[in-house]
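So that we are looking at the same thing, I have put the structure below in structure tokens.
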Amino acid sequence: MGKVIVVTSGKGGVGKTTSSAALGAALAQRGEKVAVVDFDVGLRNLDLVMGAERRVVYDLVNVIQGEAKLPQALIRDKRLETLFLLPASQTRDKDALTPEGVERVMGELKRYFDWIICDSPAGIERGATLAMRHADMAVVVTNPEVSSVRDSDRIIGLLDAKTLKAERGERMEKHLLLTRYDANRAERGDMLKVDDVLEILSIPLIGIIPESMDVLRASNIGAPVTLADARSTPALAYFDAARRLSGEVLPITIPGEKRGIFGKIFGRKAA
Amino acid sequence: MSIFSLFRKQRSAPMARERLQVLLAHERASSGSDLVSVLREEILAVIAKHVQVDNDKVQVKMDRDENVSILEIDVEIPLDAAQQAA
């Protein structure tokens with residue numbers, strides 16, 4: 001049976017879709033069968049980030065409403081044999097997702113795939129709660145910024161209350177993925193540090209993705225960042241995060257933590 | 001302290017951290033807590049036996065500190081109902 005992971009955040013624009021695509025591709029690059037599911041009905045973007053926007057025929061809502069079979073809606077990635085995308089509908093509204101429909105699709109996906117990655121929409125409404133409902137594990141994407149941390153805290157509360165796992169009285173496994181991190185700004189004291197965010201949210205860290213041009217470049221060309229440039233710093237960080245998802249224990253490194261001469265002069269106050 | 005720090009702007013990350021800690025302590029205590037909503041329902045039911053009160057006129061708040069928790073119950077009873085009960 002496949003493992004269901006929800007990639008969620010509450011706040012929009014923090015990197016849920018980028019991270020869903022990158023983690024999905026990273027797992028598939030290790031030979032695992034992966035389906036990435038876009039739950040953002042009405043505002044789909046995972047297809048675009050993964051470079052499959054012109055190959056969408058059927059979507060999640062079509063499958064839920066019985067207008068298409070699941071294999072018809074799944075799009076196989078052109079670069080990776082074991083990576084599939086289930087796009088969201090662009091035209092329907094979010095009410096087209098029904099709890100029963102989502103349950104059926106998730107059940108079916110779990111039979112065929114090793115990993116099902118649910119890319120949650122922003123907010124705490126129906127789409128977001130349905131995306132997390134069947135999750136075995138959650139990746140909470142957070143920027144080192146006050147509003148993102150606050151919304152993540154709210155989402156962590158929902159994960160512990162509104163998911164099937166929580167309702168069965170089990171503990172929902174939650175992992176923090178800190179994105180758009182700038183080690184130099186944090187060192188200068190103008191950005192929350194990794195430890196600050198960890199202390200506030202108190203969930204384990206699964207990776208730190210540095211603020212990087214490579215992320216934008218990857219979405220420009222329509223490739224998950226782990227495929228666009230597998231040796232870039234964000235790609236390496238996503239590869240490590242994917243390995244941690246599969247249970248490997250790796251030391252966490254803070255990408256880009258080196259200070260030049262400027263940093264040495266201005267960086268740290270003497271005690 | 002280096003001479004440069006005199007000209008530097010104050011570091012903002014510690015402020016962010018502190019503001020978040022205060023805010024989230026409050027938000028975690030007041031929203032989504034099951035105990036608070038259960039208490040609210042039961043307190044409302046007890047009061048409703050004796051006086052008529054509006055649903056939204058009963059406020060239950062829980063503040064958690066390191067050493068102590070404070071349960072704050074605020075019930076607004078309309079004047080005529082209070083007179084009837086008296």
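Quick caveat, the model's predicted, so the values are computed rather than measured. Letters go in sequence order (proteins before strands), and every chain restarts at 1.
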- Do other residues, nucleotides or ligands put more than 12 heavy atoms under 6.0 Å from A:Glu125 CD? no
- Message: Does B:Arg40, at its CZ atom, have more than 12 non-hydrogen atoms belonging to other residues, nucleotides or ligands within less than 6.0 Å?
- Response: yes
- A:Arg150 and B:Leu20: which non-hydrogen atoms are nearest, and at how many Å? N-CD2, 4.1 Å
- chain B contact via A:Asp190 - which portion, at a heavy-atom distance below 4.5 Å: both
- Taking all non-hydrogen atoms of both residues into account, name the closest pair between A:Gly189 and B:Pro14 and its distance. O-CD, 3.9 Å
- Message: Just checking A:Arg168: does its CZ atom have more than 12 heavy atoms from other residues, nucleotides or ligands closer to it than 6.0 angstrom?
- Response: yes
- Item | NZ/NE/NH1/NH2 to OD/OE distance under 4.0 Å, B:Arg17 and A:Glu199 | yes
- Task: Flag the one option from A:Leu158, A:Asp160, A:Val149 with the top tally of heavy-atom pairs under 4.5 Å to chain B.
- Result: A:Val149
- Item | Heavy atoms from other residues, nucleotides or ligands near CD of B:Glu18 exceed 12 (cutoff 6.0 Å) | no
